[in-house]
Amino acid sequence: MTQPHPRARERDDRPPLLTAALAAAERGWAVFPLRPGGKRPALHPADRCPGVGDCADGHRKWEQRATTDPERVTRAWTAGAFNVGIATGPADLVVVDLDKPKGTMDAPDGAANFAALCERSGHAVPDTYRIRTASGGAHLYFAAPPGVRLGNTAKKLAPLVDTRAHGGYVVAAGSTIDGQAYEVADARPVADLPAWLTAALRPPAPPVRPVLAAPHRTGRRAAVVLERECAAVAGAPEGGRNAELLRAVRAVGRFVAWGEIDRSTVEAAFQEGGESSGLSASECRATIRSALDWSIRTARPREAA
């Protein structure tokens, strides 16, 4: 009887989630661990950062720590049965998330809404690598267009149709939630994002505003905190985006109260971060205004902070 090759036996002995993580990494998709049986990152938060290892030069979030290095992947997934997250920005992916309606089963699902969008646009539903999600929805994987930085969207294309790109992530095939697995439904190669979808997802150009006064000088510490908190907002998962925006704006608001950064700078940065996470423009404006007003009103003196 022919004996299996030693490498084949080694692959068979791997934990399934390690195999899934390595398979994604081998495709050039940067991965990071999610909580076992869940969708949230299984990494320490900024307020509990040990300041060692990857974070020796400052806290690094999941998108910065995502990797394709097989040794790092192996170390991470032999430490626990973590679900697998794919950081879509570093992976150069745009993933269209077709969700299922919650509660009202008679409503059209994301797949039906996306098909209708394609038909109205004069195009067939694109053939590409497809994942069946744990809820019965689908993820359509596309190669990100060169020279265009796309962020996350929620319902921008159609109801129950979201997208994940820079600042976002998806759960990879092989992961499980509530006993239901994410599975490859169509293993064909990843197609380029169609031009018409690129145009639909491209963010609008920011309005040109005249400068009426000398620009406000921003303190270095305030700028670093603002950049960090905006990144946290942009990467917030569905269901916690508004809460994350509120927390982040409050964290930066004290610097506005201390005169280290201009309020309009903070508002513009968080508006962009909030909208890229999938929140509506009006929802972002209301949350940012409320959070800044609260921070300015309650900020302790800088000397006492």
Side-chain angles (χ1 to χ4, degrees), residues 32 40-41 43-66 87 89 149 151-152 154 166-169 203-305:
F32 64 98
R40 300 296 298 272
L43 303 173
H44 62 257
D47 59 357
R48 293 203 296 273
C49 181
V52 298
D54 287 342
C55 298
D57 296 324
H59 179 65
R60 289 165 61 86
K61 295 180 65 63
W62 55 264
E63 189 169 33
Q64 298 168 302
R65 296 179 65 181
R149 183 181 176 89
N152 303 322
H166 283 281
Y169 65 88
V208 178
R209 296 184 175 92
V211 178
L212 302 178
H216 188 282
R217 296 188 64 184
T218 299
R220 184 176 181 277
R221 184 184 174 201
V224 169
V225 173
L226 176 63
E227 181 179 2
R228 183 186 68 207
E229 295 297 349
C230 283
V233 169
E238 185 176 3
R241 295 168 185 158
N242 193 275
E244 180 66 9
L245 178 62
L246 180 69
R247 181 206 63 76
V249 177
R250 285 183 171 183
V252 177
R254 55 185 170 148
F255 295 102
V256 177
W258 296 338
E260 293 189 21
I261 191 169
D262 188 61
R263 177 168 180 150
S264 62
T265 300
V266 173
E267 289 174 332
F270 278 118
Q271 187 74 28
E272 180 180 353
E275 289 186 35
S276 72
S277 76
L279 293 172
S280 68
S282 59
E283 190 174 11
C284 290
R285 283 192 295 270
T287 299
I288 293 167
R289 182 174 59 251
S290 172
L292 280 177
D293 288 348
W294 179 89
S295 292
I296 293 169
R297 186 174 63 252
T298 62
R300 301 167 61 192
R302 180 166 29 196
E303 297 76 14

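Residue indices begin at 1 and follow the sequence shown.
- Within the model, atoms CZ of Arg247 and CG of Asn242 stand 12.5 Å from one another, a figure rounded to the nearest 0.5 Å.
- Taken to the nearest 0.5 Å, the CD1 atom of Ile288 stands 10.0 Å off from the CZ atom of Arg263.
- With a 4.5 Å cut-off on side-chain heavy atoms, Ile261 and Val225 do not count as touching.
- Atom CH2 of Trp62 sits about 10.0 Å away from atom CD of Gln64, to the nearest 0.5 Å.
- Panel note: side chain Glu227, backbone Val224; no donor-acceptor pair is recorded below 3.5 Å.
- More than 12 heavy atoms of other residues, nucleotides or ligands sit less than 6.0 Å from atom CD of Glu267.
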task = Mind running side chain to side chain contact (heavy atoms under 4.5 Å, CB included) on Arg254 and Glu260 for me, showing each step along the way?
result = CA-CA 9 Å; Arg254 55 185 170 148; Glu260 293 189 21; over 6 Å; no
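- In terms of modelled atom types and a separation under 3.5 Å, the side chain of Glu63 and the main chain of Ala87 share no donor-acceptor contact.
- Counting heavy atoms from C-beta outward, Tyr169 and Pro237 have side chains that approach closer than 4.5 Å.
- Taking CH2 of Trp258 as the start and CZ of Arg221 as the end, the distance is 6.0 Å to the nearest 0.5 Å.
- Panel note: side chain Asn152, backbone Gly235; no donor-acceptor pair is recorded below 3.5 Å.
- Counting all heavy atoms, side chain and backbone alike, Val233 lies closest to Ala248 at CG2-CB, 3.6 Å.
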